[in-house]
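Take a look at the structure below.
Values reported hereafter were calculated over all heavy atoms of this structure, with side chains retained and with hydrogens, waters and symmetry mates removed. Indexing begins at 1, ligand by ligand and atom by atom, following the structure's order. Not measured: the values here are computed from a predicted model. Here, residue 1 is the first one in the sequence, and each next residue gets the next number.
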Amino acid sequence: MKVAVTTKDLLTLPVEAVTVGVFVDAQGRPAPTESARLVDAATDGAVMRCIEGGDFKPEPGSCAVVYPKEGLKATRIVIVGLGRQEALTEKRFIQAVEAAVHATKAESLVLTSLEWVPVGRNAEWALRTGVRAAFVASRPRVTMKTRGAPEAGLQRLFVKTDRAVRGQKTIAERGRAVGNAMVWAKHVADLAPNVCTPEFLADAAQSIAQEFPDTVACTVLDEKQIDKLGMGGLMAVSRGSAMPPRFIELSYRGADEACAPVVLVGKGITFDAGGISLKPARGMEEMKYDMCGASVVLAVLKAAAEMQLKQNVVALVPTCENLPSGTAVKPADIIMMMNGLSVEVLNTDAEGRLILADALTYAERFKPAVTIDVATLTGACIVALGNQVSGLFCEDEGLTDALAQAADSACDAVWPMPMGGTYADQLKSVAADLANIGSPNNAGASTAASFLASFAPKSPWAHLDVAGTASVSGAKRASTARPVPLLTEFLLDRERAYKTRG
Ligand code: BES
Ligand code: MN
Ligand code: ZN
């Protein structure tokens, strides 16, 4: 999809669809934006007729398409409801853009979304976020359905502005890069688990490196190398599967070698059956999404390369399957981790922490500025926070604030959660340094985070539990690509801070 920012006249712009926003005023009456009034006047009242006819109320998320007879180069007007202007949140903004893109099959469209900047945000935010949302909404889900041709979708996107926004081309390109990364992450995560295997993830990482040969490098460790490094956690979890594990290291060089990198670690369990501590059959298919942390960190690295950020970023992915078999790790097995700690595996379904622990140990070799891991780690986190908010576990105040701020801006919510202390106490084992689970039904998200803390590098470290937010379950089963928005926003915030430092 091509993206352009334009100051040209809406009425004569060569596009198929023009979007116009309509607010609701304090009295509940429709309050058309400037573009809505302009288009309405040119088309002999096509916009207001649609509203006054009663078929369309300008409520948030609502949308109507009208085909005016004349007055407009475009064939249709997409009228977007925005609700009360004071109540226009980041989320409503994104939903409005998505609704507009979904409402039409037009191949080219102009957004007038710079007239709908949420309270507290600026034109730069609206431009970047609008492009990101339009890009994601325009991409149909990739499936293996053999009947019916896929739709072409949106090919050209314009964003209308009255006055040029400083650096508008770069800003729009950044929105596109984030949107593109989200589409990539969704695509990989939505694949069937017999397609998206550890090997496949490694190849996907390699292809990112090939896309950016000057700045991105990929190293993939095989089973032998993983074993040699002493990654006992990753080796133990993979033992139940016929497929060998992989350890992926994808790095982006955007700054001097001396510049400490942001290290991202993503959980890459391509299918989690639970191992010998087998999960119930119902809903087990959703455990193909247990590699969402991996697809997210690889996608973020791809976005960083595409945006040519002046930072160094490393993505680390330990990846394997968690299956039961005669060779699988058993409850009560004791394994040796890469950092020298022994772990008693009391439940083989608490596997994510075992593979992440070794990856966190490995991260130390990069002397990271910050380390952030992303994992669909615990059902307990869904119990605590639901499906809209990811758990943020971090004992560094600066990093917590930076991530919370990026989350707000990116509309990718997190909530700070506790760890360590009494939660860490739950992980005592009579037979080894640590047990891999705490007391059943007792703050499971916090004990999991506390387990990881024993392996985290010396840098400020944050753990994001995205078990509830990485995918939508049920009939609409799909990956959300979260927290790609949060992490790309976090990197962009660092970029700005870096620039002002000079
Ligand atoms: N991948 C699961 C966590 C999960 C559950 C993600 C539901 C998404 C939706 C993880 O490996 C797991 O099985 N965790 C166990 C831990 C328990 C055995 C301590 C859990 O949450 O039940
Ligand atoms: Mn599990
Ligand atoms: Zn898992």
- Task: Distance to 0.1 Å, residue and atom name: give those for the protein heavy atom nearest to atom 20 (C) of ligand 1.
- Result: Gly379 N, 3.9 Å
- Message: Heavy-atom distances under 4.0 Å decide this one: backbone, side chain, both or neither, for Met291 against ligand 1?
- Response: neither
- Task: Using 2.8 Å as a strict upper limit, say whether an N, O or S atom of Asp272 approaches the Mn ion (ligand 2) that closely.
- Result: yes
- Lys330 and Thr348 have their tightest heavy-atom pair at C-CG2, 4.0 Å
- Item | Atoms in ligand 1 with a heavy atom of Met287 nearer than 4.0 Å | 1 (N), 4 (C), 5 (C), 6 (C), 7 (C), 8 (C), 9 (C)
- Item | Exceeds 12 heavy-atom contacts within 6.0 angstrom, atom CD of Gln308 | no
- Message: For Glu211, is the CD atom crowded, meaning more than 12 foreign heavy atoms sit under 6.0 Å from it?
- Response: yes
- Query: Do you know which N/O/S atom name in Asp290 is closest to the Zn ion (ligand 3)?
  - Reply: OD2
- Message: For atom 22 (O) of ligand 1, is there a protein heavy atom at a distance under 4.0 Å?
- Response: no
- Note on the structure: If we number the atoms of ligand 1 from 1 as shown, the ones under 4.0 Å from a heavy atom of Lys279 are 12 (C), 13 (O)
- Task: Heavy-atom contacts with Thr376 under 4.0 Å: which atoms of ligand 1 show up? List them by number with element.
- Result: 1 (N), 2 (C), 3 (C), 6 (C)
- Note on the structure: For Val484 and Ala299 the tightest heavy-atom approach is CG2-CB, 4.1 Å
- Message: To make sure I understand the geometry: which N, O or S atom in Asp272 is closest to the Zn ion (ligand 3)?
- Response: OD2
- Item | Proximity flag Ile382 to ligand 1, non-hydrogen atoms under 4.0 Å | yes
- Task: Within a distance under 4.0 Å of any heavy atom of Asn347, pick out the atoms of ligand 1 and give their elements.
- Result: 18 (C)
- Message: Suppose we only allow N, O or S atoms; which atom of Glu351 ends up nearest to the Mn ion (ligand 2)?
- Response: OE1
- Ligand-side contact atoms (ligand 1) for residue partner Ile437, heavy atom cut-off under 4.0 Å: 19 (C)
- Task: Could you tell me whether Asp349 approaches ligand 1 through its side chain, its backbone, both or neither, with non-hydrogen atoms closer than 4.0 Å?
- Result: both
- Kindly give the atom name of the N, O or S atom of Glu351 closest to the Zn ion (ligand 3). OE2
- Which of the atoms in ligand 1, numbered in the order shown and given with their element, are less than 4.0 Å from a heavy-atom of Lys267? 1 (N), 10 (C), 11 (O)
